[in-house]
Amino acid sequence: MSAGFSQLKALVIKEFKEAFRDKRAMMVAFSMSLLAPVMIMVMSKTMIKEMVDKPPVYAEFVGAEYAPKLVKDLADENILPLAEAEESDLRIWQERGITITIPETYGQDMIEGKIINVVLNADYSDKPSLAPIRRIKDVVRDHARAIGYKRLIMRGVDVRILQPLNLVEQDRAQPSSNAMMISIMLGLYLLMGAFMSGLSIAIDSSAGERERNVLEMLLCQPVSTTKIVLAKLSCSASISILSIILMLVVTSISIGFVDLSKIGATFSIDLYMFVALLGLLIPICILAAALQLFFSFQAKSFKEAQSTVTMLIMLPAFVPFILMFIDDRPMWLDWLPVAGQSIIMEDLFKGLTINWSAFAFTSVTTVALSAVLVMTLAQKLKSEKVVMALS
């Protein structure tokens with residue numbers, strides 16, 4: 001037992017030494033941990049700025065003199081005549097060509113209570129124009145509704161008859177759930193980090209070692225294939241876990257620079273969330289390392305392993321995206337490896353109560369699946385075809 005443990009310990013030390021000797025592989029392993037949180041911070045700040053700010057919109061007004069109150073309402077919402085555009089913005093807004101035409105009979109039609117056609121001319125297929133068009137439509141609609149209410153009041157009609165039912169909405173979600181988009185991005189890159197961080201280490205210790213003839217020499221030693229696979233798995237999974245810890249630390253710091261209060265949201269990674277996320281991601285790191293080793297050993301060369309494993313491993317990382325498009329999500333998804341962890345992470349970000357049974361079950365099944373992959377790979381390494389890449 002003691003000799004067996006010493007063998008395993010020696011193999012693990014050997015794997016770590018080789019992993020840390022490859023500086024480029026280590027740089028790839030930890031680059032995502034440092035860059036992804038910064039990227040999320042920049043994206044979040046940009047998104048919030050676009051959601052909160054009302055940048056000026058410039059449109060060509062035709063007949064503005066006929067409806068000064070409407071023009072004032074538009075100006076209050078920063079929708080201004082094209083002539084007021086700054087020199088640097090003028091060409092862009094001229095190309096967009098948004099025109100608001102107010103008929104000459106606006107005043108007379110208003111007195112007679114007729115329907116007035118205010119024409120909004122724009123290219124609706126132009127994506128950058130969609131937000132300005134929406135803002136113009138909202139202002140015109142609100143202005144028209146206000147006039148309609150005044151007409152009813154003048155005729156002695158209570159405007160409340162226009163609203164026979166009032167839907168009182170009671171949102172049971174926690175305040176932090178408003179940061180949905182940010183939490184989806186966080187969940188996605190945490191999963192991708194778990195799957196991608198140890199990728200280069202796993203490929204190098206499997207397909208790379210075979211090309212350098214190190215694997216063949218290793219298998220000639222009186223060591224079981226299970227210990228060899230376990231040592232490689234320990235090294236790759238450990239580096240992946242270290243990368244995830246670093247990612248969580250950098251994220252908890254960088255998220256502090258995003259002012260979520262502007263969109264009525266609160267979000268922070270406290271100690272409880274940190275530990276819970278780590279508890280969810282550690283089994284995934286182990287599964288990812290097992291999958292990477294399994295598929296790397298099936299490839300015939302280092303290059304083939306790089307392309308094949310990268311493609312295959314990316315699939316589970318897209319689970320949060322797939323879950324996002326399922327409206328009626330079946331309950332059994334809560335208990336599946338990767339899907340279960342992704343759903344629990346989403347609940348954590350929302351501030352909802354965690355289903356600890358699902359937490360434990362998905363963690364155990366994920367580790368069990370990794371164990372099956374390790375045992376299968378250990379059996380396969382006893383075959384000369386797999387070791388020599390003949391199959």
Side-chain angles (χ1 to χ4, degrees), residues 32 36 40 171-199 202 233 237 240-241 243-245 247-248 251 265 267 269-270 272-295 308-376:
M32 194 171 176
I40 293 292
D171 189 358
R172 287 181 296 139
Q174 300 295 318
S176 57
S177 67
N178 293 325
M180 265 302 291
M181 188 54 71
I182 295 169
S183 66
I184 288 169
M185 286 193 295
L186 280 173
L188 180 65
Y189 88 68
L190 283 173
L191 272 179
M192 287 189 72
F195 275 101
M196 299 299 292
S197 297
L199 183 66
L233 179 83
S240 188
I241 291 166
S243 175
I244 287 297
I245 292 171
M247 189 180 280
L248 286 171
T251 302
F267 184 82
I269 298 179
D270 54 17
Y272 167 75
M273 187 182 284
F274 189 97
V275 173
L277 285 172
L278 203 57
L280 287 166
L281 290 166
I282 285 175
I284 294 179
C285 291
I286 297 169
L287 176 65
L291 281 168
Q292 286 157 4
L293 287 170
F294 186 84
F295 286 112
T308 309
V309 175
T310 305
M311 281 192 295
L312 288 171
I313 292 301
M314 286 293 285
L315 293 176
F318 280 103
V319 167
F321 264 133
I322 298 165
L323 292 174
M324 197 168 61
F325 292 105
I326 300 175
D327 292 330
D328 298 319
R329 199 164 57 199
M331 291 294 290
W332 52 264
L333 278 175
D334 294 9
W335 305 84
L336 283 185
V338 184
Q341 278 103 347
S342 177
I343 291 166
I344 294 169
M345 270 196 279
E346 192 180 313
D347 289 345
L348 261 174
F349 294 140
K350 286 181 180 176
L352 301 177
T353 307
I354 296 178
N355 184 347
W356 290 106
S357 303
F359 187 109
F361 187 83
T362 50
S363 300
V364 170
T365 49
T366 306
V367 174
L369 186 58
S370 308
V372 171
L373 284 167
V374 167
M375 297 307 293
T376 309

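Please read these numbers as outputs of a predicted model, since none were measured by experiment.
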[X] and [Y]: which non-hydrogen atoms are nearest, and at how many Å?
X      : Y      : result
Gly279 : Ser363 : O-OG, 4.2 Å
Leu333 : Ala339 : O-CB, 3.6 Å
Ala202 : Leu293 : O-CD2, 3.7 Å
Ser240 : Gly193 : OG-O, 4.2 Å
Gln341 : Thr366 : NE2-OG1, 3.1 Å
Trp335 : Thr365 : O-OG1, 4.2 Å

* To do: Could you check Ile344, Leu348, Asp334 and say which one makes a side chain to side chain contact (heavy atoms under 4.5 Å, CB included) with Phe359?
  =>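 Answer after filtering Ile344, Leu348, Asp334: Ile344.
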* Residue of the set Ile241, Ile244, Ile245 for which side chain to side chain contact (heavy atoms under 4.5 Å, CB included) holds with Leu281 ->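 Single pass found, and it is Ile244.
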Looking at [atom1] of [X] and [atom2] of [Y], how far apart are the two atoms once the value is rounded to the nearest 0.5 Å?
X      : Y      : atom1 : atom2 : answer
Ile284 : Leu191 : CD1   : CG    : 5.0 Å
Leu233 : Leu291 : CG    : CG    : 10.0 Å
Gln292 : Met196 : CD    : CE    : 8.0 Å
Leu277 : Leu190 : CG    : CG    : 6.5 Å

* To do: Take Ile343 and Thr362 through the side chain to side chain contact (heavy atoms under 4.5 Å, CB included) test and state the conclusion after the steps.
  => CA-CA 11 Å; Ile343 291 166; Thr362 50; over 6 Å; no
